[in-house]
Structure formats: structure tokens, C-alpha cells
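Please read through the structure below; I'll follow up with questions.
Values below: all heavy atoms of this structure, side chains included; hydrogens, waters and symmetry mates excluded. Model, not experiment: these values are computed from the prediction. Every chain is numbered from 1 and lettered A, B, ... according to where its sequence line falls, protein lines coming before strand lines.
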Protein chains: 2
Amino acid sequence: MVPQSAKSISAKQLDAWIAFLRAHRRVLEHLEAELRGEHGLSLSEYEVLLHLSRAPRNRLRMGELAANVLVTPSGLTRLADRMADAGLIARRPCPEDRRVSYLVLTAAGRKRFEAAAPTHVRGVQEHFAGYLGGDTAAVLAALSRIAGP
Amino acid sequence: MVPQSAKSISAKQLDAWIAFLRAHRRVLEHLEAELRGEHGLSLSEYEVLLHLSRAPRNRLRMGELAANVLVTPSGLTRLADRMADAGLIARRPCPEDRRVSYLVLTAAGRKRFEAAAPTHVRGVQEHFAGYLGGDTAAVLAALSRIAGP
DNA sequence: AATCAAACGTTGTACAATCAACTATATTCC
DNA sequence: GGAATATAGTTGATTGTACAACGTTTGATT
């Protein structure tokens with residue numbers, strides 16, 4: 001076993017990197033296609049519904065969502081517009097701070113989310129988690145270090 | 001330890017999934033920013049140069065590249081246009097099959113790639129591989145199963 | 001109290017990526 | 001040998017994203 005310098009990269013590490021990129025693309029393709037095909041939702045839209053459904057009173061500020069949804073604030077503005085047009089969410093001004101607007105889950109949005117959630121969870125299991133097997137703990141540990149706090 | 005059904009998903013698996021998404025985003029942000037800032041290249045452009053530099057005679061068909069670069073054929077057409085305009089690659093018709101066009105690395109493209117490669121490799125080490133530690137083999141194994149053949 | 005700076009969200013613009021449809025060439029099969 | 005089919009790549013239209021600049025509101029400083 002050759003000690004691994006901190007600066008160079010081993011073949012195994014490089015393979016892991018390439019597998020990481022491929023795995024990401026593959027899984028997201030599947031999940032996007034399933035969600036889109038069966039429920040007419042993009043992954044971003046699903047995530048917005050997910051976070052809102054878990055939030056107290058089913059409402060969140062734009063900024064709170066932007067931090068979690070992996071979308072920039074400006075992207076979220078347009079995403080929220082589309083979802084509001086579709087009736088999945090509604091915009092509510094915040095009385096305490098008139099700069100902020102809340103996004104709240106509508107009844108239709110909740111219904112759509114509840115219909116889509118099993119599809120998504122099954123997809124994550126089928127295309128990602130199911131392959132982890134005995135390596136689950138190690139993968140979780142490594143990815144958590146990479147993902148940061 | 002509770003046996004894991006094939007259909008449901010455990011908390012640990014779900015955490016791994018979330019960490020996976022965050023890790024991907026975080027690493028790619030870093031790599032994109034470094035490559036863009038120090039060498040004016042996007043990650044996709046870098047990958048095109050990488051594959052060409054490794055190919056025999058430094059040339060590949062569009063289709064061969066599209067399979068490896070994680071871009072659709074139409075996306076690659078535009079990417080190749082931009083890179084040809086920038087002088088990094090050149091398009092060459094194939095005499096044997098006039099449907100195909102080859103992309104070949106130019107001298108400028110090679111030079112740019114050679115300048116950028118250390119940055120990228122260091123970035124992969126610093127933002128991804130360096131965190132794997134003793135879990136490298138397990139992560140590689142799991143990701144390879146997910147990524148498929 | 002007035003001002004200056006910071007934070008929240010939205011908009012204009014540009015860009016990159018996709019899908020579907022299309023052109024052109026090659027191959028297959030009666 | 002000629003029609004049907006498949007393949008390589010491009011193009012048009014749409015979508016989604018980011019970046020930078022902006023208006024508005026809030027909070028801090030003095």
C-alpha cells in the first residue's frame with residue numbers, strides 16, 4: 001500500500017469521482033423523468049412542495065426556501081411564479097416585514113405533493129439507496145464530510 | 001438492527017441521498033468557479049478537451065464525445081461551436097462517412113487544457129477525493145453500482 | 001431624527017441546455 | 001437496384017438558470 005500524498009490523486013479516487021458524476025446524472029434523470037411523467041412536476045417543484053409541507057403552517061419565506069432548494073433567489077422567483085400560476089402555492093405578504101413574501105402550500109399543492117411523494121421515495125430507493133447495501137454507512141459518512149455542515 | 005425491506009427507505013438511506021445532492025452541488029460549484037476563474041473554461045469545455053487529449057490522434061466524433069461528456073447531442077453541437085469559435089478545437093469532416101464530423105484538439109486547445117488540468121485535478125482532490133479517506137473503496141463500489149456499466 | 005448601510009426579493013439580459021423536428025448520408029432488405 | 005429504415009448531426013423553439021442592477025424596506029449610527 002502506497003501512502004497517499006495530500007496533493008496527488010490516486011486512480012481509485014479518480015474512479016470514484018467519475019462514478020460520482022455518472023451516478024448523479026443517472027439518478028437525477030430517472031427521478032426527473034418519473035416525476036415529470038407521472039405527476040407533471042419537476043424535481044425543483046417537488047422540492048418546494050416538500051419543504052413547504054414540512055414547514056410550520058406550511059409556509060416559508062423565499063430566502064428560507066432558496067437556501068434549501070438548490071436554486072438561486074432569482075431562479076426561485078420564477079419558479080414560484082410558475083407554481084403560483086399552476087395553483088400549487090400562493091404568495092402571501094408578510095405583515096411584519098414588508099420586504100419578504102411567504103410562499104404557502106395550497107390545498108391543490110398538498111394534494112399534488114401527496115400523490116407524488118410515493119413515486120419519488122420509491123425512485124430514490126430504486127435508483128439510489130437500493131444500491132448502497134452494506135456500504136450505506138460509509139457512503140453517508142463520506143458524503144456528509146463533502147457536503148459540509 | 002431492523003431488516004430493510006426492498007420498498008421502504010431508511011433514515012440513513014435518506015440522509016445519504018440528501019448528502020449526495022449537497023455534495024454534488026458543492027463540489028461542482030467549487031470546480032466550476034476555479035476552472036472559470038483561473039482558465040476561463042466551463043466544466044463541460046474542460047471535459048471536451050480532456051477526452052480529446054486522450055483520444056488517438058486527438059480526435060473524436062461528436063457522438064463519441066456526447067456519450068462521455070454528459071451532454072446531449074444538440075448541446076454538444078453548440079458547445080463545439082463555441083469552442084471552435086474560441087479556437088480550442090476544430091471541426092473536420094470525415095471522408096469515410098460524410099454524416100460525421102470529427103472534433104480535433106488544436107494547439108491552443110492543448111495548451112489551454114494543459115494549463116487547466118492541474119487546477120482541476122487539485123480541485124477534485126481538495127473538494128472531493130480528499131474527504132473520502134478510509135471510505136474510498138466503499139464509496140467507489142457503491143457509486144459504481146449506481147452509475148451502472 | 002436623518003442618514004447610511006444592509007437585507008429581501010424582483011427584474012432585464014444573456015446564456016446554456018433540452019426536446020422535437022429536420023437534413024443529409026448510410027445501410028438493409030426485398 | 002430501389003425503397004424503406006436507421007444513423008449523425010444540426011436547427012428552431014422553449015425552458016430554466018445565473019448574474020448584475022434595481023427598488024423597497026429595515027436596521028444601525030450618529
Side-chain angles (χ1 to χ4, degrees), chain A residues 21 24-26 28-37 40-48 51-52 59-86 88-104, chain B residues 21 24-26 28-37 40-48 51-52 59-86 88-104:
Chain A
L21 291 179
H24 182 268
R25 182 166 99 129
R26 181 161 209 203
L28 261 68
E29 263 176 10
H30 279 128
L31 295 180
E32 276 271 1
E34 289 171 358
L35 222 42
R36 165 81 53 202
L41 288 174
S42 75
L43 205 50
S44 294
E45 289 169 335
Y46 175 83
E47 284 197 302
V48 168
H51 286 289
L52 288 177
R59 75 191 196 338
L60 285 172
R61 309 154 73 132
M62 298 283 286
E64 293 173 313
L65 259 170
N68 292 321
V69 163
L70 309 194
V71 156
T72 59
S74 89
L76 183 57
T77 294
R78 268 108 175 184
L79 178 58
D81 287 344
R82 293 191 295 271
M83 293 181 72
D85 286 349
L88 300 173
I89 63 175
R91 307 185 92 113
R92 294 263 317 263
C94 170
E96 299 155 353
D97 185 336
R98 303 200 322 210
R99 292 170 303 182
V100 330
S101 59
Y102 280 110
L103 301 185
V104 306
Chain B
L21 291 179
H24 182 267
R25 183 166 98 129
R26 182 163 207 198
L28 262 67
E29 263 176 8
H30 279 128
L31 296 181
E32 276 271 0
E34 290 170 357
L35 223 41
R36 165 82 53 203
L41 288 173
S42 75
L43 205 50
S44 295
E45 290 168 335
Y46 176 83
E47 284 196 303
V48 168
H51 287 288
L52 288 179
R59 76 193 198 333
L60 286 172
R61 308 153 73 128
M62 299 281 289
E64 293 173 312
L65 260 171
N68 292 320
V69 163
L70 310 193
V71 156
T72 59
S74 90
L76 183 56
T77 293
R78 270 111 175 179
L79 179 57
D81 286 345
R82 294 191 295 272
M83 294 180 71
D85 286 348
L88 299 174
I89 61 174
R91 307 185 92 113
R92 293 264 317 263
C94 170
E96 297 155 355
D97 184 336
R98 301 199 326 209
R99 291 170 303 182
V100 331
S101 58
Y102 280 110
L103 302 184
V104 305

### Query
Is A:Arg78 side chain donor-acceptor paired with the C:dG9 base, going by distance under 3.5 Å alone?
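There is none.
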## Note on the structure
Between CG of B:Leu41 and P of C:dC15 the distance, given in whole Å, is 17 Å
### Task
Return the value, rounded to whole Å, for the distance between atom CG of A:Leu28 and atom C1' of D:dG16.
15 Å
### Query
Hey, is the side chain of A:Ser74 poking within less than 4.0 Å of OP1 or OP2 on D:dG16, counting only N and O atoms?
no
### Query
From B:Glu34 CD over to B:Leu43 CG, what is the distance, rounded to the nearest 0.5 angstrom?
10.5 Å
### Query
A:Asp97 CG to D:dT24 C1': how many Å, rounded?
10 Å
### Query
Over how many whole Å does the gap from B:Tyr102 atom OH to D:dG9 atom C1' extend?
14 Å
### Query
Does B:Arg98 have a side-chain nitrogen or oxygen under 4.0 Å from the phosphate oxygens OP1 or OP2 of C:dT25?
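Yes, such a contact exists.
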### Query
Under 4.0 angstrom, heavy atoms only, what part of the nucleic acid is B:Glu64 near: base, sugar-phosphate, or nothing?
nothing
### Query
Base, sugar-phosphate, or nothing: which does A:Arg36 touch, judged by heavy atoms less than 4.0 Å apart?
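Nothing: the residue A:Arg36, judged by heavy atoms under 4.0 Å, touches no strand.
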### Task
Would you mind reading off the distance between B:Arg82 atom CZ and D:dT10 atom P, rounded to a whole angstrom?
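Rounded to whole Å, this separation is 13 Å.
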### Query
Across the strands shown, which category fits A:Gly63 at heavy-atom distances under 4.0 angstrom: base, sugar-phosphate, nothing?
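Sugar-phosphate contact only - A:Gly63 comes under 4.0 Å of backbone atoms but never of a base.
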### Message
Without decimals, in angstroms, what is the distance between A:Arg61 CZ and D:dT26 P?
### Response
11 Å
### Message
Looking at D:dA18, I'd like to know if its phosphate oxygens (OP1 or OP2) sit under 4.0 Å from a side-chain N or O belonging to A:Thr72.
### Response
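Answer is yes, contact under 4.0 Å.
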#### Entry: Rounded distance [0.5 Å steps], CG in B:Leu70 versus CD in A:Glu29
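Reported value, rounded in 0.5 Å steps: 9.0 Å.
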### Query
Roughly how many Å is it from CG in B:Leu43 to P in D:dT17, rounded to a whole number?
19 Å
### Message
With a 4.5 Å cut-off on side-chain heavy atoms, are B:Val48 and B:Val71 touching?
### Response
no
### Query
How long is the span from the CG atom in A:Asn68 to the CD atom in A:Glu47, to the nearest 0.5 Å?
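If I round to the nearest 0.5 Å, the distance is 9.0 Å.
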### Task
With DNA chain D as reference, determine whether A:Val71 or A:Glu96 sits nearer its 5' end, using the nearest nucleotide of each.
A:Val71
### Task
Taking only the side-chain nitrogens and oxygens of B:Arg99, find out if one of them lies under 4.0 Å from OP1 or OP2 of C:dC22.
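So the side chain of B:Arg99 is outside the cut-off, no N or O lying under 4.0 Å from OP1 or OP2 of C:dC22.
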### Message
Check the phosphate of D:dT17 against B:Arg25, side-chain N and O only, distance under 4.0 Å to OP1 or OP2. Yes or no?
### Response
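Answer is no, no contact under 4.0 Å.
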### Query
Does CZ belonging to B:Arg92 count more than 12 external heavy atoms closer than 6.0 Å?
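Atom CZ in B:Arg92 is not crowded, with 12 or fewer foreign heavy atoms closer than 6.0 Å.
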### Summary
Between CG of A:Leu79 and C1' of C:dT10 the distance, given in whole Å, is 14 Å
#### Entry: Distance below 4.0 Å between A:Ser44 side-chain N/O and D:dT17 OP1 or OP2
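For D:dT17, OP1 or OP2 has a side-chain N or O of A:Ser44 closer than 4.0 Å.
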